[in-house]
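Take a look at the structure set out below.
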Number of protein chains: 2
Amino acid sequence: MTFADRQSWKDVREEIRSRILDSTYRPGDKLPRDHDLALELKCARSTVQRAMSSLADAGIIERKRKGGTIIKLDPVTRATINIPITKVEIEARGLKYRHHLITSAVTKAPLSISARFGIADLNSAVRVKALHMAAGRPYVLEDRWISLETVPEFRGVDLSNISANEWLVRNRPYSRCNVQIYAELIMKKEANLMEVPEGSAMLILERTTWIGDEPITHVKATHTVDYRLITNG
Amino acid sequence: MTFADRQSWKDVREEIRSRILDSTYRPGDKLPRDHDLALELKCARSTVQRAMSSLADAGIIERKRKGGTIIKLDPVTRATINIPITKVEIEARGLKYRHHLITSAVTKAPLSISARFGIADLNSAVRVKALHMAAGRPYVLEDRWISLETVPEFRGVDLSNISANEWLVRNRPYSRCNVQIYAELIMKKEANLMEVPEGSAMLILERTTWIGDEPITHVKATHTVDYRLITNG
DNA sequence: TGTTAAAATAAGTAAGTACATAATTTTGTC
DNA sequence: GACAAAATTATGTACTTACTTATTTTAACA
């Protein structure tokens, strides 16, 4: 196969990929050197390089200096999830968004939260509980901790107008983020808020963000019962 | 800031990122042209280009030909989840892996499965139910459909030696994959297999894979109660 | 004024070259 | 034969130049 006219590094990537799919190259095999592939496919080595590093990012191949390129024996499925701002997500579905503040209090964070941030003690924090509504129905229940040590100006934010979620995203970009996803049985109090039966299975997303090593916020988001995280990879 | 010695596109990326973090550039702002940034940072435009396309991949900025580069107003949190082969995952934890075949039967797929594959009817498929054990305890319960139309040779596979999971990964690479994640209450039969109380909240991962447009497999994987998907982004 | 065509612009892609870096292989020495 | 130093090798990164393409701006025209 040659790429007479409009070739691109993506074409090269797909060519390599198709050779993996049709078993020209098999798991564990060593691929030809970039240089040789460039000759064969009649393109520059930099184009092969671009294609290869993309495949390496995707977890399909493994590259080592001097060692060459091999097809991974145990490829992982690598899927990317997009977690939008809740308001944006709801409005993208064409539903009316509303945000209801439940409680907001300045307090010391418990050890479990400090541990999540990877610090010894978070003495000054705001805990915000809020409900995001889509078309009048509960959509996401969030239980959030915001570090006042890192974000002191959060004290003055009026949460009746803007959700903590939105304010933080627009005012405090983060440099690092950790996400944990799990299932949990909902308890009575939360069940009432979410308008679901007690003991329903809920999908929980916990997100923790930092700027550098400074904690910004930790949020436990409980999603509607029928919520599905959908990814493409 | 200049990069006297060892500069790289990653340094440029971090420089741009830090300018976003310290509000030199704010959401909605237009960034300087690649060319000007290259002059300022004393590097080639291709280096800026590489840094920028990485930031665009991460969902932080948006680039348009002629339009230039802007900081996204509503950045999404983009997290990558790695879904390894179950056996590899368990062994990576230092636990003993065992695989227990529950049922395996050739049958016609129900409409719900065909729909997932995006085809009208899947007439010839294998349905495999199996339990992956870690250190003697149930770890993942999988309910899998394999298209015999796409993978006829699966008929002859002896599932007492190798899990369908592993056989497929090693023999039938896919070109497209869809993942759905949700929470579900476990029912009696499955609860017994997983050795958990009936009505526990389980994290479910459903994966569907294709080669081109041809369906390969669809699997519903029910994870242990305390399972957490952890990502970094 | 509105509609269309042309020009300008900024990112996208690619080629080719040069040098850096991490591993491996070969060679040299005891 | 064991070990360390040196040469080799394949990928990693960067620079320069050239050309392409999508989109906006401007200009021309009805």
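In the text below, chain A, chain B and the rest are named by the order of the sequence lines, each starting its count at 1.
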Can you tell if the side chain of [X] reaches within under 4.5 Å of the side chain of [Y], non-hydrogen atoms only?
X      : Y      : value
B/R176 : B/D213 : yes
A/H99  : A/E142 : no
A/E153 : A/V151 : yes

**Prompt:** Does CG in B/D121 sit with more than 12 non-hydrogen atoms of other residues, nucleotides or ligands closer than 6.0 Å?
**Reply:**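 For B/D121, atom CG is crowded (more than 12 foreign heavy atoms under 6.0 Å).
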ask   = Within a reach of under 6.0 Å around CZ of A/R26, are more than 12 heavy atoms found that belong to other residues, nucleotides or ligands?
value =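 Counting other residues, nucleotides and ligands, CZ of A/R26 stays at 12 neighbours or fewer.
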Pick base, sugar-phosphate or nothing for [X], based on heavy-atom distances below 4.0 Å to the nucleic acid.
X     : value
B/T47 : sugar-phosphate
A/S53 : nothing
B/R50 : nothing

What residues from residues 25-39 of chain B pass a heavy-atom cutoff of under 4.0 Å to DNA chain D?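 Correct list: empty, so none.
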* Going by heavy atoms closer than 4.0 Å, what residues in residues 59-68 of chain A are next to DNA chain D? ->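 Listed by number, they are A/R63, A/K64, A/R65, A/K66, A/G68.
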Should the pair A/H132 and A/Y97 be assigned to parallel (<30°), tilted (30 to 60°) or perpendicular (>60°) ring geometry?
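Ring orientation, 0 to 90° scale: tilted.
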[atom1] of [X] versus [atom2] of [N]: gap in Å, rounded?
X     : N      : atom1 : atom2 : value
A/I70 : C/dT24 : CD1   : P     : 11 Å
B/M52 : C/dT13 : CE    : P     : 15 Å
A/L41 : C/dA15 : CG    : C1'   : 15 Å
B/R13 : D/dT13 : CZ    : P     : 11 Å

- Task: Please determine which of A/H223, A/R93, A/R98 meets the side-chain hydrogen bond (donor to acceptor under 3.5 Å, both in side chains) test together with A/Y139.
- Result: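 The passing option is A/R93.
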*Only one of B/K220, B/R116, B/Q180 clears side-chain hydrogen bond (donor to acceptor under 3.5 Å, both in side chains) with B/E206; which?*
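The side-chain hydrogen bond (donor to acceptor under 3.5 Å, both in side chains) with B/E206 is passed solely by B/R116 among B/K220, B/R116, B/Q180.
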Ignoring the backbone of A/Q49, work out which of D/dC15, C/dT13, D/dT11 is nearest its side chain.
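Nearest to the side chain of A/Q49 among the choices is D/dT11.
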Going by atom types only, do B/R207 and B/Y174 share a side-chain donor-acceptor pair under 3.5 Å?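 There is no such pair (donor and acceptor under 3.5 Å, judged by atom type) between the side chains of B/R207 and B/Y174.
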